[in-house]
Structures are given as structure tokens and as C-alpha cells.
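Written below as C-alpha cells is the structure these notes are about.
Here the structure is a predicted model, which means the values were calculated and not measured.
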Amino acid sequence: MLSLAARSGSLAPYLSATSYTVAGPLKPLVSGSVLLADKALLDVKRPFLSRESLSGQAPSGGLSATASINATSCVRYAHSDITVPDFSDYRRSDVLDSTKSSQPSSDTRKTFSYLVTGVTTVATAYVAKNAVSQFVSSMSASADVLAMSKIEIKLGDIPEGKNVTFKWRGKPLFVRHRTQAEIDQEAKVSLSDLRDPQHDLDRVKKPQWAILIGVCTHLGCVPISNAGEYGGYYCPCHGSHYDASGRIRKGPAPLNLEVPEYEFPSDDIVIVG
């Protein structure tokens, strides 16, 4: 069999393994060295193979090994002196006794873990919320900008039938003190006649006051007050006509004049913004 294995080339190790068994309980293999009859450790150039074969014949005499060209060495060693490490110094005192259940200790540790996880989650969420709040507030408008976002107008300074223009947020603001005739005229307009249907009462909080942003909805021009075919506003740039309620009646503008947010803190004061 060995002669056949020697002539088989690259398959020699596999053919040699069919004639020899690997001993079961072995210590780590010391390759290339073997201790013979209490002699000094000898270095051997060839690999070793034990003489124990499939027939169960054990080597006689002292520990020995045979060399083979096509096989690796396999030397038997005893392993009964291997000890298991003792990790008692690293274990909890309540789980040292293997005869007792560790369930109470496990429940206690789980409760503590859940508590720590919950507290950490709440603290992290609180810190994240503060960080986001600070970041968002840093992008908010400053106090002077917020002060300019509102304008207070004294209505007593505007005579009836007149329109006064103010500057608000960089835009012209129309405040019109309408007469009773203008109020009645705008209330009678049918919604079917309007390009952008809106009733007059939906555009004013007090009928005598029409507050509008003076920007034409066509191309952003500034209309002229008390002008046009409907007596309201007229844009000379492209010929858009608005009535006294700021609704588009004729021309290329697609929408009515915008109505800003405003409130009346008293009868003679309006705050826009």
C-alpha cells in the first residue's frame, strides 16, 4: 500500500490515510520531533506516522514513530492531566452554587438593565429636543425683524372715500376707507361675473375698511387707487382693473389682490401682520 501511495503523486496523502488511523485522545501534535526512550529531543527531517493501524496493533516498547514520504506524523499523547479553568473569582456570589436557581438574581439584573435603558433613552431624547430647539431658534427672525413684521395704523387719519398707501414688509399696503355707496355696490356684484369668485364680505372684517396688498397679481406691478373702470384700482402696466374690494374685473391679472392678516384692537386702530 505504501509503495502504491508513493507512486500516486499528489494523491499519496489520501491513499496513505487509508492504511493508518488517527488516534482519538491526543494532545496537540509536536510536528517534526519525537522523544524516544527518555532520550534528548531529536529533530527529524521527515514527517512521522504512528505504527498503529486499522488492525488495532499498538506500538510495543517505548514511544516511537515511523517516517513516511507521503504522510504526516501522528504521535499519541495522554490528555488526562488537562484541567478546566476556574472562573469563580469572576462570577457573582449568588450564582456560585450550581444547585440553586439564579432566577431571582437574573430578574433583578433585568430590572436594573431596563431601568438604566429607560433613563438613558429619556435623557437622550431631552438633550436632542433641546439641541433641535436651539438650532431652530437660531434661524428665527431677530427682534427688530419681528417688530417690522407688524404695522399699526390709525384709521382716524384716513378720510372717507380715500385710499392711503403704507409700506409693510417691503410691499405697498392699501388701506381704503370706503363710502356707503361703494359698500353697497360691491355687495351687489354676482359671483358668476368674477374671474376669481369672492364675496365682498369674505374679504373685509369691517365693511368700511378694505385692507389690501398693493401688488398686481399679473406681474407684480403697483396699481393706482381710485382709478379704472370699476372705481377701485387700475394697473397701468398691463391694464388690469380691480373694484373697490380689490377683485379683478378686467385685464390679464388672474387673481384678486391679496388680503393680509390684520385685526382691530379698537375702533380707530388696525394692526396688520
Side-chain angles (χ1 to χ4, degrees), residues 133 135-273:
S133 299
F135 178 74
V136 173
S137 62
S138 66
M139 297 187 295
S140 301
S142 58
D144 56 342
V145 174
L146 292 176
M148 295 176 60
S149 64
K150 293 185 178 182
I151 182 173
E152 181 177 313
I153 301 173
K154 293 182 179 180
L155 301 177
D157 297 337
I158 304 175
E160 188 177 14
K162 298 295 182 179
N163 181 89
V164 179
T165 304
F166 299 89
K167 184 178 181 180
W168 175 70
R169 295 183 181 179
K171 300 177 182 179
L173 178 69
F174 293 161
V175 180
R176 186 186 187 96
H177 191 175
R178 300 192 300 183
T179 62
Q180 187 61 42
E182 291 176 333
I183 296 173
D184 295 340
Q185 178 182 350
E186 302 305 331
K188 295 177 182 179
V189 176
S190 175
L191 296 181
S192 59
D193 298 335
L194 300 175
R195 181 179 305 169
D196 184 11
Q198 278 186 307
H199 197 276
D200 179 64
L201 295 179
D202 295 334
R203 296 177 54 81
V204 297
K205 292 185 178 181
K206 291 185 177 182
Q208 66 271 29
W209 298 104
I211 302 176
L212 309 166
I213 295 179
V215 177
C216 180
T217 58
H218 178 220
L219 290 177
C221 305
V222 179
I224 301 174
S225 60
N226 297 320
E229 297 182 9
Y230 298 89
Y233 304 92
Y234 171 68
C235 180
C237 299
H238 304 95
S240 295
H241 297 260
Y242 300 88
D243 58 19
S245 183
R247 298 173 295 188
I248 182 64
R249 304 294 296 274
K250 183 179 180 181
L255 302 174
N256 303 329
L257 294 180
E258 182 181 354
V259 179
E261 292 290 335
Y262 64 91
E263 60 181 359
F264 293 95
S266 63
D267 292 339
D268 59 345
I269 293 178
V270 61
I271 297 178
V272 181

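The minimum heavy-atom distance between I158 and F166, with the atom names listed, is CD1-CE1, 4.4 Å. Nearest heavy atom pair, residue P197 against residue L191, reads CB-O, 3.9 Å. In plain terms, the two heavy atoms of V270 and P265 that are nearest each other are CA-CD, 4.2 Å. Here the closest non-hydrogen pair linking P223 and L257 is CG-CD2, 4.5 Å. The two atoms that bring I248 and A253 nearest to each other are CG1-O, 3.4 Å, heavy atoms only. Residues S190 and L194 come closest through the heavy atom pair O-CG, 3.7 Å.
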ask   = Is there a side-chain contact (heavy atoms from CB on, under 4.5 Å) between I153 and L173 once you walk through the steps?
value = CA-CA 11 Å; I153 301 173; L173 178 69; 3.9 Å; yes

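Residue pairs meeting the salt bridge (Lys or Arg N to Asp or Glu O under 4.0 Å) criterion with at least one member in residues 201-210, sequence neighbours excluded: K206-D267.
Counted by atom type alone, N226 and R176 present one or more donor-acceptor pairs between their side chains at under 3.5 Å. A side-chain donor-acceptor contact under 3.5 Å links S266 and D268.
Atoms OG and CG, on S245 and L212 in that order, are 7.0 Å from each other to the nearest 0.5 Å. Here the OH-CD1 distance, from Y242 to I224, works out to 12.5 Å after rounding to the nearest 0.5 Å. Atom CZ of F264 is separated from atom CD1 of I211 by 4.5 Å, given to the nearest 0.5 angstrom. Atoms CD and CD1, on Q208 and I183 in that order, are 6.0 Å from each other to the nearest 0.5 Å. Rounding to the nearest 0.5 Å gives a distance of 10.5 Å between CD1 of I271 and CD1 of I151.
Listed for the E186 side chain is a donor-acceptor partner under 3.5 Å among the backbone atoms of A244. When atom types are taken as modelled, the side chain of D196 and the backbone of N256 share a donor-acceptor pair closer than 3.5 angstrom. A donor-acceptor pair under 3.5 Å is formed between the side chain of R178 and the backbone N or O of P207. Between the side chain of R247 and the backbone N or O of Q198, at least one donor-acceptor pair lies under 3.5 Å.
Counting only heavy atoms from C-beta outward, the side chains of T165 and S225 never approach each other to under 4.5 Å.
No option in S240, C216, C237 other than S240 meets the side chain to side chain contact (heavy atoms under 4.5 Å, CB included) test with P252. Tested against D243, the residues R195, K188, R249 include a single salt bridge (charged side-chain N to carboxylate O under 4.0 Å, His left out) partner, R249.
In this pair, Y230 and H241 present their aromatic rings perpendicular. The plane angle is above 60°, beyond the 30 to 60° band. Ring-plane geometry between H218 and H238 is classed as perpendicular, the angle between the planes exceeding 60 degrees on a 0 to 90 degree scale with a lower cut at 30.
Using a cutoff of 4.0 Å between basic side-chain nitrogens and carboxylate oxygens, E229 and K250 are scored as salt-bridged. The pair K162-D157 does not count as a salt bridge, with every side-chain nitrogen at least 4.0 angstrom from each carboxylate oxygen.
Around the CD atom of E261, the shell of radius 6.0 Å holds no more than 12 heavy atoms that belong to other residues, nucleotides or ligands.
You'll find the ring centres of F174 and Y233 inside the 6.0 Å limit.
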